[in-house]
Participant: 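Sharing a structure, written as structure tokens. Questions coming.
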Amino acid sequence: MSGFWCEWAWLPGVGGTGRSVSGSTQADDGPAPGRVVNSVRVVTDGGRIVAVEPGVPASDGDVRLRGVVLPGLANAHSHAFHRALRGRTHADGGSFWTWRDGMYALAAALTPERYERLARAVFAEMSLGGTTAVGEFHYVHHRPDGTPYPAADGGPNAMAEALRSAARDAGVHLTLLDTCYLHGGLGPGGHEPLAPEQARFGDGTVERWAARVDALRSAWADDDRALVGAAAHSVRAVAPDELAAVARWAQAAGAPLHVHLSEQPGENEAALAALGVTPTRLLHDAGALGPGTTAVHAVHLNGDDVALLGTSGTGVCLCPTTERDLADGIAPGLRLARAGSPLSVGTDQHVTADVLAEARGVEEHERLASGRRGAFDPATLVEIATSAGHAALGRLDAGRIAVGAPADLVAVRLDTARTAGVDPAQVVLVAGAADMSDVVAGGDLVVRDGVHRAGDVARMLAEAIEELWAAAGQTAVVGKAAGLPAVGQRAGLPAVGQAAGQDSAVGQTTARPAAAQDITRGSDA
């Protein structure tokens with residue numbers, strides 16, 4: 001057994017009625033909002049909480065956690081390799097197109113070994129910021145030409161295994177959202193074939209996708225730190241009958257299902273033009289909505305879309321920093337919550353690795369949209385960042401400091417320049433990743449006094465990112481010599497031999513003609 005003494009701890013409410021979302025009151029028999037309690041001892045055994053003792057002093061041998069201790073944070077939407085794009089897509093103002101070209105270039109250069117090194121560093125950065133569980137929306141499955149990795153190189157799930165190894169080393173629980181990605185876009189004539197740069201994302205058919213994921217679930221069945229869920233990339237990449245098949249698979253497996261939804265207006269326009277309905281209606285008609293499903297982004301919705309999501313109990317994962325960075329827009333978070341959709345958050349392309357910043361962004365976006373403060377109170381924002389996010393990842397018992405829950409704890413300092421003098425109950429509205437001092441995941445002390453057990457995370461990130469960009473430059477040159485499409489050249493990839501850390505004009509592109517802009521692929525492409 002291990003004991004953790006918390007100066008302050010965020011404990012779940014007991015009974016009563018709580019006002020959590022502006023204009024909406026929980027049922028009388030529902031849980032009250034969480035609250036901050038002083039001097040709490042948490043005892044763990046076998047990776048779970050076995051006792052919570054409020055108002056008691058520390059015992060000999062307890063690990064002392066200063067500040068406010070929250071349940072472990074859940075990052076419900078991540079693309080780990082996108083982290084290598086941070087700070088490299090803004091030259092000349094940047095655009096979605098410079099970002100997308102760089103993303104494809106990096107995807108082409110990934111190998112299982114490179115991906116493991118990069119993901120380990122990315123997951124460790126998340127851990128430093130308080131994340132104890134991540135939902136990895138995983139679609140880089142195969143070799144660049146689309147053929148599966150042979151057994152000698154790890155087999156068809158080599159990339160997934162790289163992510164599992166990286167998450168374990170970084171000390172975060174992993175829900176791998178294995179993504180079905182079968183089409184390159186949705187044009188006026190319907191769904192289009194994968195482009196060459198997308199070949200490694202696809203399995204050819206939904207049946208082959210399901211067979212590969214079934215094998216993965218069998219291989220991971222006894223792993224208590226990794227779950228396998230499902231994702232349909234989007235209505236652009238998965239046709240209606242295929243969406244229905246993915247949804248049936250997830251329901252039969254009892255696995256969470258995630259899907260990118262209406263991040264940009266172009267997706268809605270393409271779906272209406274080709275199929276006569278909105279993407280949300282497509283998901284509804286395919287049987288893909290419901291409490292086991294999480295729609296990611298959900299920025300551009302009409303009233304019927306909001307109602308379909310809410311009345312079905314479909315969760316919505318908002319990613320405010322990405323939605324700002326890519327100029328996606330502001331999602332109707334309050335309308336969705338009032339309609340009945342549980343909200344969670346994700347760092348998506350990792351503009352930051354800061355789940356509290358994403359949760360705070362939900363409220364900040366609502367303030368910008370409405371001109372009013374307080375749509376989501378601090379207790380609700382903590383729920384969005386913790387228990388709601390874990391539930392979206394299939395971890396229904398996580399995200400609470402309570403007996404029986406996984407022993408996931410995050411200590412937020414109250415003595416930094418950002419947090420000094422704040423009300424501990426409102427710390428979620430001011431604190432961020434830099435204020436985390438200690439992180440416990442599954443009973444293991446992963447971060448202590450702001451230092452990750454893996455070592456120098458900044459160095460790990462720098463080395464892995466430099467390696468990947470150098471490989472991307474080599475891939476572009478080899479592809480050009482072979483007469484292949486010049487994926488990534490508009491993103492200004494570094495020339496072979498040029499250090500990725502140098503000013504390599506990433507993102508310095510010439511504008512594409514409007515007619516050539518394939519907006520139907522969307523920002524997650």
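As the structure is a prediction and not an experimental result, all values here were calculated from the model.
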Participant: Before giving the answer on salt bridge (Lys or Arg N to Asp or Glu O under 4.0 Å), spell out for Glu363 and Arg360 the whole-Å C-alpha distance, their side-chain angles and the decisive distance to 0.1 Å.
Facilitator: CA-CA 5 Å; Glu363 164 66 11; Arg360 186 162 57 250; over 6 Å; no
Participant: For Asp328, does its backbone N or O pair with a side-chain atom of His300 as donor and acceptor, under 3.5 Å?
Facilitator: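 Answer holds: yes.
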Participant: Which atoms form the tightest heavy-atom contact between Val355 and Ala74, and what is the distance?
Facilitator: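 The pair with the smallest heavy-atom distance is CG1-O, 3.7 Å.
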Participant: Before you tell me yes or no, could you show the steps for Arg212 and His142 under side-chain contact (heavy atoms from CB on, under 4.5 Å), namely the whole-Å CA-CA distance, both residues' side-chain angles and the distance that decides it to 0.1 Å?
Facilitator: CA-CA 11 Å; Arg212 183 177 53 74; His142 305 300; 3.9 Å; yes
Participant: Go through the side-chain N and O atoms of Thr278 and Thr280 and say whether any donor and acceptor fall under 3.5 Å apart.
Facilitator: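 Result is no, nothing qualifies.
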Participant: Taking the side chain as everything from C-beta on, heavy atoms only, tell me whether Ser370 gets closer than 4.5 Å to Leu334.
Facilitator: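 Sidechains of Leu334 and Ser370: no contact.
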Participant: If you look at every heavy atom in Glu136 and Leu174, which pair is closest and at what distance?
Facilitator: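 Scanning both residues completely, I find the closest heavy atoms to be CB-CD1, 3.8 Å.
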Participant: Quick one, Trp220 with Asn157, criterion side-chain contact (heavy atoms from CB on, under 4.5 Å). Give me CA distance, side-chain angles, the key distance, then yes/no.
Facilitator: CA-CA 11 Å; Trp220 292 14; Asn157 283 310; over 6 Å; no
Participant: Out of curiosity, Leu73 CG to Thr386 OG1, how far, rounded to the nearest 0.5 Å?
Facilitator: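 Here the rounded value is 7.5 Å.
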Participant: Using distance alone, with no hydrogens and no angle criterion, decide if Thr322 and Asp325 have a side-chain donor and acceptor under 3.5 Å apart.
Facilitator: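 No, because no side-chain N or O of Thr322 sits under 3.5 Å from a partner of the opposite role on Asp325.
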Participant: Measuring from atom CD of Glu364 to atom CG of Leu381, what distance do you get when rounded to the nearest 0.5 angstrom?
Facilitator: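 Nearest 0.5 Å value for the CD-CG distance: 9.5 Å.
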Participant: Please check: side-chain N/O of His390 versus main-chain N/O of Gly72, any donor-acceptor pairing under 3.5 Å?
Facilitator: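 Yes: the side chain of His390 pairs with the backbone of Gly72.
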Participant: Please report the interatomic distance CD1(Ile330) to CG(Leu318), rounded to the nearest 0.5 Å.
Facilitator: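 It comes to 11.5 Å.
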Participant: Any non-hydrogen side-chain atom of Cys319 less than 4.5 Å from a side-chain atom of His297?
Facilitator: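 The answer is yes, as the side chains (C-beta and beyond) meet within the 4.5 Å cut-off.
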Participant: Tell me if the CZ atom of Arg367 is crowded by more than 12 foreign heavy atoms within 6.0 Å.
Facilitator: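 Correct, the count exceeds 12.
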Participant: Rounded to the nearest 0.5 Å, what separation is found between the CG atom of Leu461 and the CZ atom of Arg83?
Facilitator: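 One gets 5.0 Å once the value is rounded to the nearest 0.5 Å.
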Participant: To check you understand the geometry: which heavy-atom pair defines the closest contact between Leu301 and Pro332, and what is its length?
Facilitator: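 For Leu301 versus Pro332, the nearest heavy atoms are CD1-CG, 4.2 Å.
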Participant: Treating Thr175 as the side-chain partner and His173 as the backbone partner, does any N or O pair qualify as donor plus acceptor under 3.5 Å?
Facilitator: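 Side chain of Thr175 to backbone of His173: no pair is present.
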Participant: Test side-chain contact (heavy atoms from CB on, under 4.5 Å) on Met126 and Ser78; report intermediate values, then the result.
Facilitator: CA-CA 10 Å; Met126 291 182 199; Ser78 162; 3.4 Å; yes
Participant: Just to verify, which of Tyr181, Phe201, Trp249 counts as forming a ring pair (Phe, Tyr, Trp, His ring centres under 6.0 Å) with Trp209?
Facilitator: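 By the ring pair (Phe, Tyr, Trp, His ring centres under 6.0 Å) criterion, Trp209 pairs with just one of Tyr181, Phe201, Trp249: Trp249.
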Participant: Hey, could you give me the CG/OG1 distance between Leu261 and Thr294, rounded to the nearest 0.5 Å?
Facilitator: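 Result: 11.5 Å between the selected atoms.
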Participant: When you measure from the side chain of Glu267 to the backbone of Val235, do you find a donor-acceptor pair of N or O atoms at a distance under 3.5 Å?
Facilitator: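 No.
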Participant: So do Arg395 and Pro406 actually touch side chain to side chain, heavy atoms under 4.5 Å?
Facilitator: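 They are in contact (side-chain heavy atoms under 4.5 Å apart), so the answer is yes.
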Participant: Backbone N or O of Pro291 within a donor-acceptor pair of the Thr314 side chain at under 3.5 Å?
Facilitator: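 Pair absent, no side-chain N/O of Thr314 close to backbone of Pro291.
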Participant: Ala124 and Ala170: which non-hydrogen atoms are nearest, and at how many Å?
Facilitator: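 Taking every non-hydrogen atom into account, N-CB, 3.6 Å.
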Participant: Taking the side chain as every heavy atom from C-beta outward, state whether Arg164 and Leu176 have any atom pair closer than 4.5 Å.
Facilitator: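 No; the side chains remain at least 4.5 Å from each other.
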Participant: Please answer whether the main-chain N or O of Gly287 pairs with a side-chain N or O of Arg248 as donor and acceptor at a distance below 3.5 Å.
Facilitator: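 No: the side chain of Arg248 does not pair with the backbone of Gly287.
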Participant: Using every non-hydrogen atom in the two residues, find where Ala158 and Asp153 come nearest and quote the distance to one decimal.
Facilitator: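 Looks like CB-O, 3.5 Å.
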Participant: Any side-chain heavy atom of Cys180 sitting closer than 4.5 Å to one from Val206?
Facilitator: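 A side-chain contact exists here, since the closest heavy-atom pair is under 4.5 Å.
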Participant: Counting C-beta onward and ignoring hydrogens, is there a side-chain heavy-atom pair between Val351 and Arg324 closer than 4.5 Å?
Facilitator: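 They are not in side-chain contact.
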Participant: Once the angle between the rings of His191 and His183 is folded into 0 to 90°, is it parallel (under 30°), tilted (30 to 60°) or perpendicular (over 60°)?
Facilitator: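 Correct class here is tilted.
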Participant: Does the side chain of Val238 reach to within under 4.5 Å of the side chain of Val259, using non-hydrogen atoms?
Facilitator: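 Counting from C-beta outward, Val238 and Val259 never come under 4.5 Å.
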Participant: Heavy-atom count around Asp222 CG within 6.0 Å, excluding the residue itself: above 12?
Facilitator: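 Atom CG in Asp222 is not crowded, with 12 or fewer foreign heavy atoms closer than 6.0 Å.
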Participant: Would the His79 and Tyr139 ring centres measure less than 6.0 Å apart?
Facilitator: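 Judged by ring-centre distance (under 6.0 Å), His79 and Tyr139 do meet the cut-off.
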Participant: Does Thr347 reach the main-chain N or O of Asp354 with its side chain, forming a donor-acceptor pair under 3.5 Å?
Facilitator: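 No, Thr347 side chain to Asp354 backbone: no donor-acceptor pair under 3.5 Å.
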Participant: Just checking, is any N or O donor in the side chain of Asn268 or Ser262 under 3.5 Å from an acceptor N or O on the other one?
Facilitator: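 Their side chains do contain a donor-acceptor pair, which is all the 3.5 Å distance test asks for.
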Participant: Do Leu182 and Leu194 have side-chain heavy atoms sitting under 4.5 Å apart?
Facilitator: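 Counting from C-beta outward, Leu182 and Leu194 never come under 4.5 Å.
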Participant: How long is the straight-line distance from CZ of Arg120 back to OG of Ser165, given to the nearest 0.5 Å?
Facilitator: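 Rounded to the nearest 0.5 Å, the OG-CZ separation comes out at 5.5 Å.
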Participant: Treating Arg86 as the side-chain partner and His350 as the backbone partner, does any N or O pair qualify as donor plus acceptor under 3.5 Å?
Facilitator: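 Yes, Arg86 side chain to His350 backbone: donor-acceptor pair under 3.5 Å.
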Participant: Checking side-chain contact (heavy atoms from CB on, under 4.5 Å) for the pair Met103/Thr89: CA distance, chi angles, key distance, verdict?
Facilitator: CA-CA 10 Å; Met103 185 275 289; Thr89 63; over 6 Å; no
Participant: Could you tell me whether a side-chain N or O of Arg114 sits under 3.5 Å from a main-chain N or O of Ala109, the two making a donor and an acceptor?
Facilitator: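 Pair found, side chain donor or acceptor close to backbone of Ala109.
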Participant: Minimum heavy-atom separation for Ala288 to Ala247, with atom names?
Facilitator: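 Closest approach of Ala288 to Ala247, heavy atoms only: CA-CB, 3.8 Å.
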Participant: Measure from the side-chain N and O atoms of His233 to the backbone N and O of Phe137, and report whether any donor-acceptor pair falls under 3.5 Å.
Facilitator: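 Side chain of His233 to backbone of Phe137: no pair is present.
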